[in-house]
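Notes follow once the structure below has been shown.
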Amino acid sequence: GAVVSQHPSWVICKSGTSVKIECRSLDFQATTMFWYRQFPKQSLMLMATSNEGSKATYEQGVEKDKFLINHASLTLSTLTVTSAHPEDSSFYICSALGGDRGSTEAFFGQGTRLTVV
Amino acid sequence: LAKTTQPISMDSYEGQEVNITCSHNNIATNDYITWYQQFPSQGPRFIIQGYKTKVTNEVASLFIPADRKSSTLSLPRVSLSDTAVYYCLVGGGGYQKVTFGTGTKLQVIP
């Protein structure tokens, strides 16, 4: 099956700094990628939809100036958490539509654990 | 987007068959039904996908009635390693953002 890779798997940063998380589709092209955030014992919450070559579409309540998304190529989308604060500590997961099943199946990365201290 | 409803949690003994049902009353004509499994601190993993009737693969079966307003994921002879959260998602069929419901936390007991 198709593989989506996230980097880094975990990161610790100081409050006020920015952190970039990469999401790559390794063996297929993904015109659409999604970014999720998951707090402990909760479900995944969709943050934004990232389309290659265009601006991301953010879900209601998600600050687009804080969570910068760039989808510059068909295999890479990045999420930058700007001026991170402890409340931004969470598990961030990306997914991409595509692969063998076309656009009906979403493939997920392994997630990135962000801890802001 | 179709909203899904699943039981919050289920317990099962090892070796038993587990059936998890998901309700999706507002499913659209071009929506697929997909189930994912998630272990703690990992991304969701695809289990099975279907559109109607029955689909079976090496790990699970998916039963979808004619009206497609619900679906049942069947896991045969579960083991301890099947302890995870299982999500039912409805969508796909072209560009479609994927949103998650609450999921079902399955606890397999020795």
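Throughout, protein chains are lettered first and strands after them, A, B, ... in sequence-line order, and every chain is numbered starting at 1.
The greatest number of non-hydrogen atom pairs below 4.5 Å with chain A, out of Gly103(B), Ser41(B), Gly101(B), is found for Ser41(B).
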For residues 62-70 of chain A, run the donor-acceptor check on the side chains, cut-off 3.5 Å, and write out each pair with its distance to 0.1 Å, sequence neighbours left out.
unit_1, atom_1, unit_2, atom_2, d
Lys66(A), NZ, Thr82(A), O, 3.0
Lys66(A), NZ, Ser83(A), O, 2.9
Lys66(A), NZ, Asp88(A), OD2, 2.8
Asn70(A), OD1, Ala72(A), N, 3.2

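With a 4.5 Å cut-off on non-hydrogen atoms, Ile93(A) touches chain B through its side chain but not through its backbone. Heavy atoms closer than 4.5 Å to chain B are found in the side chain of Gln38(A), but not in its backbone.
A 4.5 Å side-chain heavy-atom check between Val55(B) and Phe63(B) finds every atom pair outside the cut-off.
Between Phe108(A) and Phe100(B), the two ring planes are perpendicular [angle over 60°; tilted spans 30° to 60°].
Here the straight-line distance linking atom OG1 of Thr21(B) with atom CE of Met10(B) works out to 7.5 Å at 0.5 Å rounding.
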